[in-house]
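From a predicted model like this one, the values you see are computed outputs, not experimental measurements.
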Amino acid sequence: MSYIKKRIQSFAYAFRGLYFLFKEAPNALIHLIAAIIAISSGFIYKISYNEWLAIIIVIGAVFSMEAINTALERLSDYTCNKEIHPAIKKVKDLSAAAVLIVAVAALAVGITIFLPKIF
């Protein structure tokens with residue numbers, strides 16, 4: 001397979017991963033709704049270039065972390081046949097915590113940008 005065909009195929013895998021993310025991770029849909037609200041609010045309140053950059057970065061971080069969390073959960077479930085193992089539980093809890101941390105940071109960015117514009 002040529003180099004270009006391999007690169008195109010890698011994008012196909014990534015888009016399939018996005019499909020799985022939104023199909024299998026209910027929290028990804030919540031993040032999507034929050035992202036749509038943030039982007040819509042950005043247009044409504046005419047946020048600055050730097051504010052757009054912050055919004056784009058935190059949206060990307062949240063979705064990336066949710067994808068990693070979902071992948072770790074699926075891999076963990078597969079390796080231990082969905083049985084509860086203390087080490088696997090800790091890994092899954094830590095990856096969920098990572099999503100929570102970045103989601104709270106994204107919320108803080110949103111509040112910092114939009115609250116002064118709303119009030």
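Taking 4.5 Å as the limit, every side-chain heavy atom of F15 sits out of range of all side-chain heavy atoms of F20. Counting heavy atoms from C-beta on, the side chains of I55 and I47 come closer than 4.5 Å. No side-chain heavy atom of E83 sits less than 4.5 Å from a side-chain heavy atom of I88.
How far OG of S2 is from CD1 of I8: 7.5 Å, rounded to the nearest 0.5 Å. Interatomic distance, I101 CD1 to M65 CE, rounded to the nearest 0.5 Å: 8.5 Å.
By the 4.0 Å N-to-carboxylate-O rule, K117 lies close enough to E51 to be salt-bridged with it.
Hydrophobic cluster membership is shared by L107 and V109, with clusters built from Ile, Leu, Val, Met, Phe, Trp and Tyr side chains linked at under 4.5 angstrom. Residues L18 and F63 share a single hydrophobic cluster, defined by chaining ILVMFWY side chains whose heavy atoms lie under 4.5 Å apart. Residues I111 and I59 share a single hydrophobic cluster, defined by chaining ILVMFWY side chains whose heavy atoms lie under 4.5 Å apart. Both F43 and I113 belong to a single network of hydrophobic side chains, linked directly or stepwise wherever heavy atoms of I, L, V, M, F, W or Y lie under 4.5 Å apart.
The backbone N or O of A96 sits less than 3.5 Å from a side-chain atom of N69, completing a donor-acceptor pair. The backbone N or O of K92 sits less than 3.5 Å from a side-chain atom of S95, completing a donor-acceptor pair.
The number of heavy-atom neighbours closer than 6.0 Å to CG of L115, taken from other residues, nucleotides and ligands shown, is above 12. Within a 6.0 Å radius of CD1 in I4, other residues, nucleotides and ligands contribute 12 heavy atoms or fewer.
For E73, there are no salt bridge (charged side-chain N to carboxylate O under 4.0 Å, His left out) partners, not counting sequence neighbours.
Contact record, V62 with A103: CG2-CA, 4.0 Å, taken as the closest heavy-atom pair. When every heavy atom of E66 is checked against every heavy atom of N27, the shortest pair comes out as OE1-CB, 3.8 Å.
The aromatic rings of Y45 and F114 sit tilted relative to each other, their planes meeting at an angle between 30° and 60°.
Geometric assessment of R7 against the ring of Y3 yields a positive cation-pi assignment under the 6.0 Å and 45° thresholds.
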